[in-house]
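Note that this is a predicted model, so its numbers are computed, not measured.
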Amino acid sequence: MKSIFKVVAALAVLSACGPLNENSAAKGFLGVVKARLGGAAATGPAQPPLSRAQADANPGAFLLVTAYGGNSVASLVMGGTNGNRVTWLSADNVTVTLENGIIVATRGFPRDLIAAQVTGIREALAAGGGNGSRVHETLDGLDQISTELLQCSIVLDGAENVEILGKVTPTRKFTESCRGETLAFSNTYWLSTGGAIIKSSQAVSPGTGFLQLERP
């Protein structure tokens, strides 16, 4: 029951802090999704849907997700866990599922990541660099599932301070370069001194692009 209350409380904060403004959170996510599907132009940069005080009052309760080059920002709360996988939920049921901080599924975007296997990626990050593999299942233009095997390398780019909602955290920055038969992309991760991924830019699918994730 405690975890249920935590989710309810976090959703209450989400509503109280006004995340359904014109350019952010749930309305921002679905609004931009519908605009993309309809060929409409983006409305401009979104505003942060969460304050530092609200994040500090609910430690670990939120995931900030930025999509479409900053045109949509949402504050997601934990919707459920399954082993080392956590599904984060927006107020309008857009979801992002992470496995140890790495995206393995999304729902609610124009072209979702249906599922992903990320063998060795998190281990390579923890080791300071290395190699791993991915299998991505995404929807193609005909709404058929397309499967891609990718080989990836992770390298340390050095130290960098990261600011999230006014809080600065020292991190180590990593770049993950992946290539498959028809798909190639590079993800970026910022890890705290304790090894947690506090910020990342991760590819979802060709139709959706990258999501920026931040743990305030």
Side-chain angles (χ1 to χ4, degrees), residues 23-43 45-46 63-76 79-80 82 84-122 124-125 131-154 174-190 197 199-215:
N23 290 322
S24 66
K27 185 173 182 179
F29 259 1
L30 286 189
V32 174
V33 167
K34 290 176 180 178
R36 287 297 177 106
L37 289 174
T43 57
L63 176 71
L64 290 178
V65 180
T66 303
Y68 308 119
N71 288 300
S72 183
V73 181
S75 180
L76 279 62
N82 183 10
N84 59 358
R85 294 192 172 196
V86 179
T87 296
W88 295 86
L89 175 71
S90 78
D92 62 348
N93 296 319
V94 173
T95 66
V96 178
T97 300
L98 306 181
E99 181 178 302
N100 295 320
I102 299 172
I103 298 176
V104 292
T106 66
R107 296 295 184 270
F109 293 94
R111 291 288 178 262
D112 279 310
L113 177 61
I114 302 303
Q117 299 175 26
V118 290
T119 305
I121 303 302
R122 194 63 175 89
L125 287 170
N131 300 312
S133 63
R134 289 174 171 267
V135 177
H136 279 204
E137 295 181 0
T138 59
L139 290 177
D140 61 20
L142 299 176
D143 285 335
Q144 301 297 312
I145 294 179
S146 173
T147 301
E148 184 92 4
L149 171 64
L150 302 111
Q151 300 300 325
C152 307
S153 64
I154 295 90
F174 292 86
T175 297
E176 175 196 7
S177 300
C178 298
R179 182 171 295 276
E181 185 176 348
T182 63
L183 183 64
F185 56 81
S186 292
N187 293 332
T188 309
Y189 305 91
W190 289 264
I197 300 174
K199 180 179 177 179
S200 62
S201 174
Q202 302 185 46
V204 173
S205 70
T208 297
F210 289 79
L211 297 182
Q212 177 179 284
L213 311 180
E214 296 174 296
R215 295 301 308 275

Should I103 and L213 be marked as a side chain to side chain contact (heavy atoms under 4.5 Å, CB included) after you check the CA-CA gap, both sets of side-chain angles, and the distance that decides it?
CA-CA 10 Å; I103 298 176; L213 311 180; 3.8 Å; yes
Check the pair L98 / I197 against side chain to side chain contact (heavy atoms under 4.5 Å, CB included), numbers first and verdict last.
CA-CA 11 Å; L98 306 181; I197 300 174; over 6 Å; no
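- For the atom pair NE2 (H136) and CD (Q117), the distance works out to 10.0 Å, reported to the nearest 0.5 Å.
- Contact between E181 and E148 at its shortest, heavy atoms only, is N-OE2, 2.8 Å.
- Residues S90 and L76 form a side-chain contact, since some pair of their non-hydrogen atoms from C-beta on lies under 4.5 Å apart.
- We find the CG-CD distance between L63 and E214 to be 9.0 Å, quoted to the nearest 0.5 Å.
- Within a 6.0 Å radius of CZ in R107, other residues, nucleotides and ligands contribute more than 12 heavy atoms.
- Counting heavy atoms of neighbouring residues, nucleotides and ligands inside a 6.0 Å radius, atom CG of D143 exceeds 12 of them.
- The minimum heavy-atom distance between L150 and G180, with the atom names listed, is CD2-N, 3.7 Å.
- Counting only heavy atoms from C-beta outward, the side chains of Y189 and I154 never approach each other to under 4.5 Å.
- The shortest non-hydrogen separation linking Q151 to S133 is OE1-CB, 3.9 Å.
- Taking the side chain as every heavy atom from C-beta outward, T208 and T106 never approach each other to under 4.5 Å.
- Taken to the nearest 0.5 Å, the CG atom of L125 stands 5.5 Å off from the CD1 atom of I102.
- Rounding to the nearest 0.5 Å places CD of Q202 at 9.0 Å from CZ of F185.
- What you find for N131 and S153 is that their closest heavy atoms are OD1-CB, 3.4 Å.
- Atoms OG and CZ, from S186 and F210 in turn, are 7.0 Å apart once rounded to the nearest 0.5 Å.
- Listed for the R111 side chain is no donor-acceptor partner under 3.5 Å among the backbone atoms of S205.
- There is a side-chain donor-acceptor pair under 3.5 Å between T97 and T87.
- Heavy-atom minimum distance, V204 versus T138: O-CG2, 3.8 Å.
- Rounded to the nearest 0.5 angstrom, L139 CG and I145 CD1 are separated by 6.0 Å.
- Considering every non-hydrogen atom in both A203 and N187, the closest pair reads N-OD1, 2.8 Å.
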